[in-house]
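Take a look at the structure set out below.
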Amino acid sequence: MPRSRKSQIALEATPYYHCTSRCVRRAFLCGRDEHSGNDYEHRRDWIEQRMMELANVYALDICAYAVMSNHYHVVLHINAEKAKAWTDSQVIERWHTLYSGNFLTQQYMAGKDLYEEQLKAIAELAAEWRERLMSISWFMRALNEDIARQANAEDGCTGHFWQSRFKSQALLDEEALATCLAYVDLNPIRAQMAATPETSEFTSAKERIATAQKAPESPEPHQPKTLFPFVGYPRQDMPAGLPFRLQDYLELVDWTGRQLRDDKRGSIDDSIPPILERLNIDAEHWIYNTQHFESQFKGLVGTAISIKAKFQQFGYQRTPGLGLAEWLT
């Protein structure tokens, strides 16, 4: 039996989630439609810009993304501490950048004198909106509805633009997170839309590489302000960010991309990035996972130990995907 969205996205399981949305129509979401001859390449920029706008409002960090011809991927981090630190006024201000709110919240933000009962109602609304501003479902809704409206207006039609509600995978541990980040960043290479990560348009990999190249002499590569940063390996007093070194990750993506080339299929070179050794990941399993991540793993992704622990925590009777996790780890 399918699990509810609430059980698929639960902060107590993990703050990291891989989300995907696919277009319902025959016409491409982006790129060139060979059947109609129309070019929708400009829509990639719509999606990329909308993601960044929403990330500035929500307590969600963008870890990776890739905008493809008929779908897009995004890896999100739920930043609960950031949301909890906002005052009620800050929550309402953020909510008003996307929605009109109501008469009471508009009066409150305008500095009007309000009764105690009105202030209580506003506090309750702020609490509700705080939860929504750290909700992946609300983020994806705001993203997809905006793109659908623009695309429908451009196409001169109405109706569903997206295939269904977005799909999500919970990334339970470092291995799952690293695999998913690379899987998303390497989408254009697998689809033969690009030859290298730095030429993969509308991906987080290209953005990270371009930013790092702006100051090559810096001891620590510069990172895009719009993306959740790489902050190094887990340690005490670790700042908020992805638990890997940026240099190691970029080396890993570059190495993996070379293994995915047609003339390299079935061959693994000797210069395996050290990050695979740190995470105790077999190189051949890594290449397989970065090619089949979505099809092989369902709602929960991680090592067999991580998956077993979460199934027990949530009281699931069945353990789908456990056998595959045991084989691939």
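In this text the structure is predicted, and so the values were computed from the model without any measurement. Values reported hereafter were calculated over all heavy atoms of this structure, with side chains retained and with hydrogens, waters and symmetry mates removed.
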Over all atoms of both residues, closest heavy-atom pair of F139 and A55: CE1-N, 4.0 Å
Under 4.5 Å side-chain linkage, directly or through intermediates, the cluster mates of V231: M238
4.5 Å side-chain heavy-atom contact, L252 and D248: no
For residues 201-210, tabulate all N or O donor-acceptor pairs below 3.5 Å that involve a side-chain atom, not counting sequence neighbours.
from : atom 1 : to   : atom 2 : distance (Å)
T203 : OG1    : S200 : O      : 2.8
T203 : OG1    : K206 : N      : 3.2
S204 : OG     : Y65  : N      : 3.0
S204 : OG     : D185 : OD1    : 2.5
K206 : NZ     : E198 : O      : 3.3
E207 : OE1    : Y65  : OH     : 2.9
E207 : OE2    : T226 : OG1    : 2.6
R208 : NH1    : F228 : O      : 3.3
R208 : NH2    : C63  : O      : 2.9
R208 : NH2    : F228 : O      : 2.9

CD (E93) with more than 12 external heavy atoms under 6.0 Å: no
Beyond-backbone contact of W286 with L279, side-chain heavy atoms, under 4.5 angstrom: no
Short side-chain to backbone donor-acceptor contact, S135 and E131, under 3.5 Å: no
Sole residue of V75, V301, L171, I136 in side-chain contact (heavy atoms from CB on, under 4.5 Å) with Y17: I136
Pair W138 and W95, ring centroids less than 6.0 Å apart: yes
Whether Q106 side chain and G101 backbone form a donor-acceptor pair below 3.5 Å: no
Backbone of N56 reached by a side-chain donor or acceptor of R94 within 3.5 Å: yes
Verdict with supporting geometry, M134 and W86, side-chain contact (heavy atoms from CB on, under 4.5 Å): CA-CA 12 Å; M134 53 186 288; W86 290 335; over 6 Å; no
Nearest heavy atoms of P229 and Q223, plus distance in Å: CA-OE1, 3.3 Å
Rounded distance [0.5 Å steps], OG1 in T211 versus NE2 in H222: 10.0 Å
Value rounded to 0.5 Å, distance of CG in L186 from CG in D254: 9.5 Å
Interatomic distance, D61 atom CG to N79 atom CG [nearest 0.5 angstrom]: 4.5 Å
Distance-only polar pair, side chains of Y72 and N144, donor-acceptor under 3.5 Å: yes
Check: M140 and S168 side chains under 4.5 Å, non-hydrogen atoms: no
F230 and Y249: CA distance, side-chain angles, deciding distance, ring pair (Phe, Tyr, Trp, His ring centres under 6.0 Å) verdict: CA-CA 9 Å; F230 286 84; Y249 176 73; 4.9 Å; yes
R165 side chain vs S137 backbone, donor-acceptor pair below 3.5 Å: no
Lys/Arg-Asp/Glu bridge criterion (N-O < 4.0 Å) met for E294, R22: yes
Donor + acceptor pair across side chains of H285, E175 (<3.5 Å): no
Heavy-atom pair of closest approach, residues Y16 and G241: OH-O, 3.6 Å
Side chains of M193 and N187 in contact at under 4.5 Å (non-hydrogen atoms): no
Non-hydrogen atoms of I189 and T196 that approach each other most closely: CD1-C, 3.7 Å
Check ion pair R132-E128 (N to O, under 4.0 angstrom): yes
Nearest non-hydrogen partners of M51 and I62, listed with the distance: O-CD1, 3.6 Å
Any P243 side-chain heavy atom under 4.5 Å of L177 side chain: yes
Least distance between heavy atoms, Y99 atom then A142 atom: OH-CB, 4.0 Å
Interatomic spacing from CD1 in I122 to CG in L114 - rounded to 0.5 Å: 5.0 Å
Check: Y58 and L98 side chains under 4.5 Å, non-hydrogen atoms: yes
Any side-chain donor near an acceptor of the partner, N289 and T179, under 3.5 Å: no
Carboxylate-amine/guanidinium proximity below 4.0 Å for R50 and E53: yes
From Y288 atom OH to E284 atom CD, the distance as rounded to the nearest 0.5 Å: 12.5 Å
Heavy-atom check, side chain of R278 versus side chain of E174, under 4.5 Å: yes
Polar contact flag, side-chain donor to acceptor under 3.5 angstrom, Y108-S89: yes
Verdict with reasoning, F166 to L143, per side-chain contact (heavy atoms from CB on, under 4.5 Å): CA-CA 11 Å; F166 70 93; L143 174 57; over 6 Å; no
Donor-acceptor pair between H71 and T20 side chains, under 3.5 angstrom: no
Residue pairs fulfilling ring pair (Phe, Tyr, Trp, His ring centres under 6.0 Å) with at least one residue in residues 172-200, sequence neighbours excluded: H73-Y183, Y183-F293
Backbone of G159 reached by a side-chain donor or acceptor of N152 within 3.5 Å: yes
Inter-residue atom distance R190.CZ - M68.CE, 0.5 Å rounding: 7.5 Å
